[in-house]
Novice: 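Handing you this structure, nothing more for now.
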Amino acid sequence: MLEIENLHTKVGETEILKGLDLEVNAGEIHAIMGPNGAGKSTLSYALGGRPGYEVTAGSVTFEGQDLLDMEPHERAAAGLFLGFQYPVEIPGISNVQFLREALNSQRKARGEEPLSGGEFLKHAKEQAALLKLDMDMLKRQVNVGFSGGEKKRAEMVQMGILDPKFAVLDETDSGLDIDALRIVGEGINAIMRKPDKGVLIITHYQRLLDYVRPDYVHILSRGQIVKTGGPDLAKQLEEQGYDEVMAA
Ligand code: ADP
Ligand code: MG
Ligand code: MG
């Protein structure tokens with residue numbers, strides 16, 4: 001579904017990703033773990049097409065299409081969803097307005113009919129209920145005054161509403177308390193654990209992976225995948241730390 005080959009990226013003059021290879025098949029959930037500054041967020045930005053994250057070599061194929069050749073909005077319309085480590089606030093626009101606009105522009109790009117206000121609200125309510133987020137939160141301005149946990153939960157509702165084929169979730173679990181972590185984990189499973197979907201979870205901690213059990217765990221270090229294993233690798237990292245596991 002997603003095939004990354006020999007990906008190299010530069011931020012300014014500095015090379016960050018240095019030949020990263022990764023393949024995610026439909027129906028699989030992969031976790032990427034790695035020390036601070038390894039290039040995890042850079043990978044998610046490069047996949048999203050964020051300006052300033054220049055791909056200097058390699059290829060990324062998404063369902064047979066050249067992802068790197070697509071504009072960010074085309075990537076989203078093709079079914080790629082990115083959850084960010086630091087969600088942005090958008091004063092003056094409500095979540096409902098923002099998400100209806102986002103969903104309908106993606107539907108338009110795919111040649112589908114837009115949802116009416118009523119249809120959209122029904123869909124949004126179902127997704128909010130799944131993530132136990134009060135509908136009033138969705139009527140508020142995007143992320144303005146939201147706590148860290150509320151932002152992440154709202155982001156998962158956003159994912160449920162857009163119903164992407166592939167999600168890249170960058171530290172979705174950071175700053176969550178135990179209950180929010182479980183709700184977010186169950187939300188990821190409910191929305192994305194499907195035979196025709198794929199997920200890349202970037203995380204520092206093993207605990208989210210107790211709820212969302214990955215098929216593969218990769219260690220990203222200095223711009224490359226240096227080790228791949230099953231869920232046990234995450235447990236081993238938690239117990240031993242990166243240095244020891246990577247040296248083994
Ligand atoms: P991780 O998410 O694994 O902690 P990042 O991808 O955020 O790592 O960063 C990898 C490296 O790239 C770090 O050394 C970071 O300082 C650098 N970097 C990332 N983005 C920028 C940027 N916009 N400007 C300068 N350096 C950056
Ligand atoms: Mg390589
Ligand atoms: Mg990061």
Side-chain angles (χ1 to χ4, degrees), residues 2 4-24 29-60 62 67-68 71-72 75 80-89 143 146-149 151-156 158-159 166-176 180-181 184-185 188 198-209 212 214 216-229 233-234 236-238 240-247:
L2 182 75
I4 303 173
E5 273 183 349
N6 190 35
L7 190 66
H8 290 252
T9 63
K10 253 164 79 172
V11 180
E13 288 306 301
T14 316
E15 185 169 56
I16 310 287
L17 298 181
K18 302 168 183 167
L20 187 140
D21 295 298
L22 184 68
E23 202 180 322
V24 181
I29 295 182
H30 290 231
I32 292 191
M33 305 181 81
N36 284 321
K40 302 182 298 298
S41 292
T42 298
L43 172 62
S44 71
Y45 293 146
L47 293 175
R50 187 171 174 128
Y53 291 77
E54 188 196 349
V55 174
T56 51
S59 65
V60 181
F62 178 55
L67 190 78
L68 301 178
E71 296 295 324
R75 301 181 194 200
L80 182 70
F81 177 88
L82 297 180
F84 290 115
Q85 188 171 357
Y86 306 106
V88 290
E89 300 184 4
N143 285 326
F146 282 24
S147 72
K151 283 182 185 172
K152 297 294 174 168
R153 236 189 266 196
E155 189 171 55
M156 292 302 98
Q158 182 181 342
M159 182 167 80
F166 197 98
V168 180
L169 303 174
D170 190 2
E171 296 198 28
T172 290
D173 52 347
S174 68
L176 296 185
L181 186 71
V184 165
I188 296 171
V199 182
L200 199 53
I201 294 180
I202 296 169
T203 180
H204 271 299
Y205 305 103
Q206 199 268 327
R207 46 184 203 163
L208 179 64
L209 306 180
V212 186
Y216 297 94
V217 174
H218 310 275
I219 302 178
L220 174 55
S221 175
R222 297 169 200 257
Q224 290 185 324
I225 302 288
V226 296
K227 201 175 180 99
T228 293
L233 184 57
Q236 200 188 340
L237 280 173
E238 188 111 315
Q240 301 174 0
Y242 289 109
D243 287 345
E244 198 174 319
V245 171
M246 290 190 300

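Start at 1 and go down the list; that is how both ligands and their atoms are numbered.
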Novice: Between the candidates Ile202, Leu220, Thr42, Asp170, which shows the shortest non-hydrogen contact distance to atom 19 (C) of ligand 1?
Specialist: Thr42
Novice: Taking all atoms of both residues into account, what is the closest heavy-atom pair of Val60 and Leu7, and its distance?
Specialist: CG2-CD1, 4.0 Å
Novice: Which atoms of ligand 1 are found less than 4.0 Å from any heavy atom of Ala38?
Specialist: 1 (P), 3 (O), 8 (O)
Novice: With no hydrogens and no angle check, do the side chains of Asp173 and His204 hold a donor and an acceptor under 3.5 Å apart?
Specialist: no
Novice: Does some side-chain heavy atom of Tyr242 sit less than 4.5 Å from a side-chain heavy atom of Ile219?
Specialist: yes
Novice: Please test Leu20 against Asn6 for side-chain contact (heavy atoms from CB on, under 4.5 Å), starting from the C-alpha separation and ending with a verdict.
Specialist: CA-CA 5 Å; Leu20 187 140; Asn6 190 35; over 6 Å; no
Novice: Evaluate Ile16 for polar contact with ligand 1, using N/O atom pairs at a separation under 3.5 Å.
Specialist: no
Novice: Show the atoms of ligand 1 that are less than 4.0 angstrom away from any heavy atom in Val11.
Specialist: 21 (C), 22 (C), 23 (N), 24 (N), 25 (C), 27 (C)
Novice: Might you point out which heavy atoms bring Leu176 and Gly149 nearest each other, and give the distance in Å?
Specialist: CD2-CA, 3.5 Å
Novice: Is there a donor in the side chain of His218 and an acceptor in the side chain of Thr228, or the other way round, less than 3.5 Å apart?
Specialist: yes
Novice: Any heavy atom of Tyr45 sitting closer than 4.0 Å to ligand 1?
Specialist: no
Novice: Give the numbers and elements of all ligand 1 atoms closer than 4.0 Å to a heavy atom of Ser41.
Specialist: 1 (P), 2 (O), 6 (O), 7 (O)
Novice: If we only count N/O pairs under 3.5 Å, is Asn36 in contact with ligand 1?
Specialist: no
Novice: Please confirm if an N, O or S atom belonging to Ser41, backbone or side chain, lies less than 2.8 Å from the Mg ion (ligand 3).
Specialist: yes
Novice: Between CZ of Arg153 and CZ of Phe146, what distance do you get to the nearest 0.5 Å?
Specialist: 11.0 Å
Novice: Would Gly39 count as being in polar contact with ligand 1, using the rule that some N or O on each side must be under 3.5 angstrom apart?
Specialist: yes
